[in-house]
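Just below is one structure, and these are the notes that go with it.
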Amino acid sequence: PGIFIMRDLAGSVIYVGKSVRLRDRVGTYFARRSERSEKTKRILDRIWSMDVTEVGSELEALILEARLIESCRPEFNTQVEVHEGQAPGRLSDRCVLLLPSVDPESVELFCVSGDDAVTQIRMKKDLEDWEAGFQRVESDLNAKGGEPRSADARILRGWMSGKEDRVNWVDVDSVGGGSDLAGILKDYIDGFREEGWERVWRV
């Protein structure tokens, strides 16, 4: 999974896209086809270079794509607010999602606090950076104010809709916080060492 950024000769961003399978998606733009959409033809007439960034999960790609579209306002991205029309699901106000990382030795934690804040923390599967990582988790879950990212929260909640039983996530308020939360997160992170966990979310 990941995102791609298409640029014109001047280096301006003209299109941002994401895919669960980057190679397949990017390849569709350059495969020989007799019929292409007008939008694709216009992109191919202008593209000069492309940046590709791999990530660990579809959710990470969705959030990164939305942030880039918002900040760059690419000419060929007609949608600015993406993936926000789905049902919100049953996530609690404060929770932590655990998903694969592009770094095979790590796990990505998405900390959700209310409707505005989503932060991402990378932690090693062997827990060698546990102390600093868990301090960040606690700090982010309890943070007040800061830069609101309500679009991130809506994307995350929409993506999670219907996946609550298939994604590793912890309802922070129901586990009591502190050492209880730490123990549960450690168990989940340790579980990512088992073969097959990451494969599910890379497909």
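Computed from a predicted structure; not experimentally measured. For the single chain, residues carry numbers from 1 onward in sequence order.
- Contact annotation: the side chain of Val137 approaches that of Leu141 to within less than 4.5 Å [non-hydrogen atoms, C-beta and beyond].
- Remark: Glu58 CD to Leu99 CG distance equals 10.5 Å, nearest 0.5 Å.
- Smallest separation of non-hydrogen atoms from Asp103 and Ser106: OD2-OG, 2.7 Å.
- Expressed to the nearest 0.5 Å, how far CG of Leu59 lies from CD1 of Ile63 amounts to 4.0 Å.
- A salt bridge does not link Lys125 to Asp190: none of the charged side-chain nitrogens sits closer than 4.0 Å to a carboxylate oxygen.
- Using modelled atom types, one finds no donor on one side chain facing an acceptor on the other under 3.5 Å when comparing Trp169 with Glu164.
- Between the side chain of Asp8 and the main chain of Arg46, no donor-acceptor pair closer than 3.5 Å is present.
- A donor-acceptor contact shorter than 3.5 Å is absent between the side chain of Ser161 and the backbone of Gly158.
- Contact check for Thr119 versus Phe110: no side-chain heavy atoms found under the 4.5 Å cut-off.
- Between Ala61 and Gly2 the shortest heavy-atom distance is CB-O, 3.8 Å.
- For Lys41 (side chain) and Ser37 (main-chain N/O), no donor-acceptor pair under 3.5 Å exists by modelled atom type.
- Ser101 pairs with exactly one of Arg122, Met123, Glu60 by the side-chain contact (heavy atoms from CB on, under 4.5 Å) rule, that one being Arg122.
- Here the CG atom belonging to Leu109 is positioned 10.5 Å from the CG atom belonging to Asn168, to the nearest 0.5 angstrom.
- A pairwise comparison of heavy atoms in Leu22 and Glu54 identifies CD1-CG, 4.1 Å as the closest pair.
- Side-chain contact check for Met6 versus Tyr29: some heavy-atom pair is nearer than 4.5 Å.
- Distance check, rounded to the nearest 0.5 Å: NZ of Lys186 to OG of Ser179 gives 10.0 Å.
- The distance from the CD1 atom of Ile184 to the CG atom of Asp171 is 9.5 Å, given to the nearest 0.5 Å.
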inquiry  = Is there a side-chain contact (heavy atoms from CB on, under 4.5 Å) between Ser19 and Asp24? Walk through the geometry before answering.
reply    = CA-CA 8 Å; Ser19 179; Asp24 293 346; 5.9 Å; no
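- Ion pairing between a basic and an acidic side chain is recognised when a charged N comes within 4.0 Å of a carboxylate O; Asp129 and Lys124 show no such pairing.
- Residues Met50 and Leu9 fall into different hydrophobic clusters, defined by Ile, Leu, Val, Met, Phe, Trp and Tyr side chains chained together at heavy-atom separations under 4.5 Å.
- Summarising the geometry of Ile47 relative to Leu44, their closest heavy-atom pair is CG2-O, 3.7 Å, with the distance given to 0.1 Å.
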inquiry  = Set out, in order, the CA-CA distance, both residues' side-chain angles and the distance that settles side-chain contact (heavy atoms from CB on, under 4.5 Å) for Ile14 and Arg7, then state yes or no.
reply    = CA-CA 5 Å; Ile14 59 173; Arg7 300 178 186 273; 5.9 Å; no
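- Applying the ring-ring contact (aromatic ring centres under 6.0 Å, His included) criterion to Trp130, with sequence neighbours excluded, gives Phe134.
- Results of the side-chain contact (heavy atoms from CB on, under 4.5 Å) test with Leu185 over Val107, Val172, Val170, Val175 single out Val170 as the only residue that passes.
- Glu70 and Arg67 are not joined by a salt bridge, as no carboxylate oxygen comes within less than 4.0 angstrom of a charged side-chain nitrogen.
- Residues Phe4 and Glu65 fail the side-chain proximity criterion, which asks for heavy atoms closer than 4.5 Å.
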task = Would you check, one step at a time, whether the test side-chain contact (heavy atoms from CB on, under 4.5 Å) holds for Asp126 with Glu105?
result = CA-CA 8 Å; Asp126 62 10; Glu105 304 301 319; over 6 Å; no
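- A salt bridge is absent between Arg42 and Glu75; no separation between the charged side-chain nitrogens and carboxylate oxygens falls under 4.0 Å.
- Distance NZ/Lys18 to CD1/Ile69: 10.5 Å, rounded to 0.5 Å.
- Linking ILVMFWY residues whenever their side-chain heavy atoms come closer than 4.5 Å, directly or via other members, leaves Ile43 and Trp48 in distinct clusters.
- Between Ser113 and Asp140, the shortest heavy-atom contact is CB-O, 3.9 Å.
- In plain terms, the two heavy atoms of Gly178 and Glu138 that are nearest each other are CA-OE2, 3.9 Å.
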